[in-house]
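Quick notes on the structure that follows.
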Amino acid sequence: MSSPQPQMPQAAPRWEAAPGATHPAPGSAYPGYTSPIPVVRTHLGHAIASEWTKIRSVRSTMWTLGVFVLLVVGIGLLTGVVVSSSSPDDALAGENALSLGFFGLLLGSMCIITLGVLTTASEYGTGMVRTTMVACPSRGRVLAAKAIVFFLVAFVVTLVSASIVAFLHVAMMEGSGAADPTGGEWLKATVGIALYIALLGLLSLVVGSIIRHSAGAITIMIGVLLAPLVIALFMFSESLAAVRDALLEYSIPNQLSVFYANSLSQSGPSGWDPLWIILGVTAVAFGGAFALLEKRDV
């Protein structure tokens, strides 16, 4: 009986390179596939495109901005209807109709604060920040891209909402004797207030990056928004009058009202001062956030 013939080993298959791929050099120890996709150095534009994809594809962003628009436009419209229907002719003589938009923006600012915190803190909570840092090891670039995208989104949404409310209020108050707003008043009640709200949300984003905990950062920012005013309201002692006045003058609700020329106090910030204050505070917070990013582990 004949013994079985040994099988000859089969030759390794020859894989063809993709069209446009470069062939390995002769004698290369590890010949393999070379991607035809060109390799380019990443820059801030790529990070901005990535953050824009994130912020518009997350469902919570749409819900938060939707509630913001509902509060600003809904409460503004309701306020205008109540005031215009209950005020007799010439009852609002000399008053600025734009000031009625303050109530909706004060409540809506909490939505922008929440969204700002979630833009950074949620990635630390879910662990997505590790993937982000692998794709873009430059931590400062990631934070800058998040800040740019969020600021533009918050500014545009606030500007559109505040402008709609302002036009509605001016139209409703025509028969109540309210004064026609000047160009400066229109600018402050639309662009000015939109810049302030967007910077407030940007400060929340930075606090979220520093705290790295969504609930903690949101609690801190709501405290910054409401605590000074609430504390000042219960300071009845005359010895605390200076502290009470300072808390009232520099509280965020009072700074918002300054844009409508309707301040809670006779002194303190006026004109465009609230915008410079929030800009300075946000810049200082950004410096601290950038420094901590380089020292901490992800």
Does any N or O in the side chain of [X] come within less than 3.5 Å of the main-chain N or O of [Y], such that one atom is a donor and the other an acceptor?
X: R212; Y: Y124; answer: no
X: T61; Y: I55; answer: yes
X: S50; Y: H46; answer: no
X: E294; Y: A291; answer: no

### Task
Show which residues join L70 in its hydrophobic cluster (side-chain heavy-atom contacts under 4.5 Å, direct or indirect), or state none.
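ILVMFWY cluster around L70 holds nothing else.
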### Query
Residues two or more places apart in sequence or in another chain: which of them pass side-chain contact (heavy atoms from CB on, under 4.5 Å) with F234?
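In terms of side-chain contact (heavy atoms from CB on, under 4.5 Å), with neighbours along the sequence ignored, F234 is linked to V230, F236.
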### Query
Who are the side chain to side chain donor-acceptor pair (under 3.5 Å) partners of S239, not counting sequence neighbours?
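By the side chain to side chain donor-acceptor pair (under 3.5 Å) rule, S239 matches S237.
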#### Entry: salt bridge (charged side-chain N to carboxylate O under 4.0 Å, His left out) involving K146 - partner list, sequence neighbours excluded
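Testing K146 for salt bridge (charged side-chain N to carboxylate O under 4.0 Å, His left out), a comparison that skips the adjacent residues, returns E51, E123.
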### Task
Check the surroundings of atom CH2 in W52: do more than 12 heavy atoms from other residues, nucleotides or ligands lie under 6.0 Å from it?
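No, CH2 of W52 has 12 or fewer neighbouring heavy atoms, counting only those of other groups under 6.0 Å.
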### Query
Are any of the side-chain heavy atoms of L107 and I75 separated by less than 4.5 Å?
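Yes, their side chains come closer than 4.5 Å.
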In a table with atom names and distances, give each donor-acceptor pair under 3.5 Å that connects a side chain of residues 150-168 to protein atoms at least two apart or in another chain.
residue: T158; atom: OG1; partner: A154; partner atom: O; Å: 2.7
residue: S161; atom: OG; partner: V157; partner atom: O; Å: 2.9
residue: S163; atom: OG; partner: L159; partner atom: O; Å: 2.7

Expected list for residues 278-289: side-chain donor-acceptor pairs under 3.5 angstrom, two or more places apart:
residue: T282; atom: OG1; partner: I278; partner atom: O; Å: 2.7

### Task
Search all heavy atoms of Q255 against all heavy atoms of Y250 and return the closest pair with its distance.
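Q255 and Y250 have their closest heavy atoms at NE2-O, 2.8 Å.
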